[in-house]
Each structure stands twice: as C-alpha cells, then as structure tokens.
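Below is one structure, written out as structure tokens, with a few remarks after it.
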Number of protein chains: 2
Amino acid sequence: MLKRNKPLQPDISIVANLIGEPARAKMLTALMTGKALTATELALEADVTAQTASSHLAKLLKGELLVVRKQGRHKYFQLRSVDVAELVEKMLNLSASIQQNSIKTGPVDQALRHARVCYDHLAGEQGVALFDALLNHGFIAEETNQATLTDKGLLFFSELGVDFKKVNQSKRPVCKACLDWSERRNHLAGQLGAWMLNYAFEKNWAKRDLTTRAVHFSTQGKTKFASCFGIKQTRGN
Amino acid sequence: MLKRNKPLQPDISIVANLIGEPARAKMLTALMTGKALTATELALEADVTAQTASSHLAKLLKGELLVVRKQGRHKYFQLRSVDVAELVEKMLNLSASIQQNSIKTGPVDQALRHARVCYDHLAGEQGVALFDALLNHGFIAEETNQATLTDKGLLFFSELGVDFKKVNQSKRPVCKACLDWSERRNHLAGQLGAWMLNYAFEKNWAKRDLTTRAVHFSTQGKTKFASCFGIKQTRGN
DNA sequence: CTGATGCTTCGAGCGCTATCGAACTATGCT
DNA sequence: AGCATAGTTCGATAGCGCTCGAAGCATCAG
C-alpha cells in the first residue's frame, strides 16, 4: 500500500493516555484545587499505595503535566500550568455531560455544589451567583459564553485594589467565562476570577476545605462577600 | 483506614482513556476536519485493520464521543458535538506545546501550516491573517484571548448575508478566539468562523484536501477571499 | 547515633486490551 | 442470481502496564 506522507500533527494520545489512568485522573482532579499536594496526599486521593503513586507521579512529571517543589522531605506537586487546568476542566465538563447520571446528595456533595474551587477561582452556586451579580451591575458583559470587563467594571475593581497595569502584562485573559459542571451555567474565571477568590481568602471571608475542593464561607464572611460584589442572597446557609 | 465520603466528581479517566489509545486518537484528530468519515477511511487513517477499527469505533460510540449515520452500506462517523471538538482542540494545543520538537517541513506540512480546517473554521497562516484583518478593520475586538463582534462587524457581516437572527438563537458563541497550534496565535472560531470558511467553499475560492485537513485556495480564490475580508497579501503562493 | 517518616527502586505477578486471522452478515452492483 | 465491498463478531495471542511487597535512600527529630 502507498505510504502517504503523514502530516505533522501533535500526538494527543500521549497526554490523553496519561490522564486516562484512573489513579492519575484522580490525582489531577484533586490538584484542581490549585493547592500543591504531597505525594502521600495524592496517593490517598487516588487510593493507591505510595509506591504506585510514585510511579504515576513520575509519569505525570515526564509528561509535563505537573511540576514539583521539594521542601524538606516532602514533595509538593502542582498542575504545571493554567493550560493543563483548563484541559482538565474541559474534560470534567464533557464527562459530566456524558455521565449525567447519579446526582448524589451527600453532605460533601452539597458543599461542593454550593461553593468550590475551580483551580484558582470560585465555582458552584456561589460562583454563578457572583457571575450574575457582576453582570447585573454592568461590571462585565457577556456574549454567548464569552465575558469581557466593562469600563464600569474596570473602575470598580481598580478601587478595590486590582492593579491593572500588572494584570495587562500577563497573557492570561482578564475575564473568562467558565462553564460550571454542577450548575451548567457560567462562572467567572481568568485573572479576575482568581483575584476575587484570593480576595475572599485574604479577607478571611472563606477558607478552603482541607481535603476537598469545597470552599467554606463563614456566616459573616458570606454576607460581606455578597455585599462587596452585590450578590443577592438566596436561600440560607 | 477511614473511608472518607468521596465527593461526586465526574470521572475524567473514562473519556481520557478513550482518547489515550493511539489509533483512536488518530481517528479523532482526523475527524477534526468536521467531515464525516467512513469506517474504512478511519481505519486507514489510524493504520489498523478494519476489524480493529470497528472495535475502536464501537468504543468511541459507547463513550459518546462520536455519532454515526448509516448510508447504504457505509457508516459515516462524526464527532458528536462541538464540545468534543473543543476538547480535542485543547489537547492538540497542549500536546503541541509539550512536543514542540520536530518542526518538519514536508510538503503536506507546509500546506497544513498555510491553511487548514480546524473542525469547522479556518486555521493556519490564512486563519490568523484573517483574524488580524478583522481586527484591523474593527469588525471584531480582542481582549486577551477573547474575541467579540463589534457593531461595525455586525453591519459588515449582515451585508455579506449573515442572518444574525438565526445566529443569535444558537447557544454557540458568535466569535471565539481559538489558539492555533502551528502559528501560536489566535484565529477566529465560533459561528462566524464557521460561516466564513463555508462561504469560501461556497464561492469556490477554496476546496478541502481529500485526505488531510489542508485547505487549498485557488490563485484567484485567494485574491478574492483576501479582498473580501481585507487581508493583506503576504508572501506568494 | 537511633528511630520515624517521606519517597523511590526493583522485581514478580497478573489482568486488561489491542491486534489480527477467519468466518459471518449486510448492502450494492451487474 | 452471483460477486464484490463494507462492516462486524469471535477467539487466540501477545504484550504492555498497573499493582504491591520488600528493600533502599533521604530527611528530620531526639
């Protein structure tokens, strides 16, 4: 048979294969918190022994999906870049829409559904509520799955302390609409999304859950967070 | 050991595993042309026998990444949705940035680099040139990796025959910046991107390559295409 | 130093899955 | 009808890679 000149296309099977192993997939989704995790933590997360985890982590490193930082006798792993996080996010979304089956309602799930970290910004009910609020106040504009900062929004966030000189130097989008797999609606990602989540942590309005992606707001914190960004309070909790 | 309540998260390993097999990965990238392909075509593309291809295709169907249409004794396979295409696209980009090695320069590759189909819109040098031209004329506005249609652009495309009533009914974004893995710059995706590529085909300015993702412009067609959208002609060919 | 903890390497076991030959069904062409 | 082409099913094979036990480094705390 005639061997046709195969075009140079990146081979996606390598990356996909790395993610395609259940244990590694669990590790990657665990790292979607944005937090750096140690090898043992990831082993627990993936339900494998330390040895197995070690070999998986080595592969993920070699495949350039993760980076490590050694600190004493610990090794802290993180997703290598926002690109990797975005890929995982897209996979989560597609997977959610394919496995739209069991809508469990355990306590952990409810917390996750309410507010959780999506790599570096806020997702869940609170995430989309925030997005809606920003829209209502005209701080951002939405055009079918895209989000852009308005002049009004620029002013608002400048006064809150966002340094847009610095922000604009980065190639990363300021605003980015990110589809929420539990709510099936948009929340805000991008630099601004990351900034707001960080702001909530700094002000002690909320704190991360130690083991899951959940974000826990204090009662007071939630009120302040809502008033700061003009979110209409809905049902309790 | 204490079995902690695991949060409900979609399992990304299933989808990733499907893509992670080299033969299946090749099939999926082949389908990025947007064209429907038969089982044998896909078998050739993936370099496997018909039997093997059949089993792979069955898995991709079960995994809901593809859809089939039976026509006579042929089966035409297609990516199931734009979501799937976008996922594959993201994987191509990430993979390209990881394997930024061999920049081959075969004839096929040059054609691909020049102009190719990215699922349903134009990519490659021509794709980014088009994007730049639309920017220069103020038809679209760019804000760090986002693209939006301007009023001026709305007028321009309306006059060209785009039915925006229909367009706005769809949930799909009108404009979408899509990172080009060969050029490492944006080109235009979304409904408008798809519309323009289709327009070029309709006007017979260009035609698809039968076996690759390459798009071949006729000499005349290229001139007309450029003048229609105000693209500055660069080097020959 | 000794013991404890975090992580890695080695080796053996073993299950999963991609692969293809051969045989089968289905459709189309003449 | 009779043959060619498209696609599938079955079964056997082979090999890859996940897994964990055991032993080995590395780091830290006394």
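In the text below, chain A, chain B and the rest are named by the order of the sequence lines, each starting its count at 1.
Nucleic acid contact for B:T40: sugar-phosphate only, since backbone atoms but no base atoms lie under 4.0 Å from a heavy atom of the residue. Residue contacts shown for B:A39 are limited to sugar-phosphate atoms, with no base heavy atom under 4.0 Å away.
Between A:K75 and the phosphate of C:dT8, there is a side-chain N or O to OP1/OP2 separation shorter than 4.0 Å. Between C:dG28 and B:H74, no contact under 4.0 Å exists linking OP1 or OP2 to a side-chain N or O. The side chain of B:T52 places no N or O atom within less than 4.0 Å of a non-bridging phosphate oxygen (OP1 or OP2) of C:dA18. For A:R24 and D:dC18, the shortest distance from a side-chain N or O to OP1 or OP2 is below 4.0 Å. Between A:S54 and C:dT8 there is a side-chain polar atom (N or O) within less than 4.0 angstrom of OP1 or OP2.
If A:V48 and A:G72 are placed on DNA chain D by their nearest nucleotide, the residue sitting closer to the 5' end is A:V48. DNA chain D is contacted by both A:K59 and A:K70; A:K59 maps to the nucleotide lying nearer its 5′ end (nearest heavy atom per residue).
Ring orientation note: the planes of B:Y76 and B:H74 are tilted relative to one another, at an angle of 30° to 60°.
A donor-acceptor pair shorter than 3.5 Å cannot be found between the side chains of B:Q51 and B:S54. No side-chain donor from either of B:Q126 and B:R116 sits under 3.5 Å from a side-chain acceptor of the other.
Distance, B:L44 CG to D:dT5 P: 14 Å, rounded to whole Å. Here the C1' atom of nucleotide C:dT17 and the CD1 atom of B:I14 are 16 Å apart, to the nearest Å. To the nearest angstrom, P of D:dT27 lies 14 Å from CD of A:Q71. Nucleotide C:dT30 holds its P atom 10 Å from the CZ atom of B:R73, rounded to whole Å. For the pair B:L57 CG and D:dT9 C1', the interatomic distance rounds to 15 Å; values are reported in whole Å. At whole-Å resolution of the value, CG in B:L42 and C1' in D:dT8 are 16 Å apart. When rounded to the nearest whole Å, the span between CG of B:N17 and P of C:dT17 equals 7 Å. Put simply, NE2 on B:H56 is 13 Å from P on D:dT8, counting in whole angstrom units.
On a pure distance criterion of 3.5 Å, a polar donor-acceptor pair joins the side chain of A:Q51 and the base of D:dG21. With hydrogens and angles ignored, no donor-acceptor pair closer than 3.5 Å exists between the side chain of A:E21 and the base of D:dG17.
Tested against A:M196, the residues A:L188, A:L122, A:L160 include a single side-chain contact (heavy atoms from CB on, under 4.5 Å) partner, A:L188.
Proximity note for A:T49 (side chain, C-beta onward) versus C:dG6, D:dT5, D:dC20: the nearest is D:dC20.
Between A:D120 and A:R172 there is a salt bridge, with a side-chain nitrogen of the basic residue lying less than 4.0 Å from a carboxylate oxygen of the acidic one.
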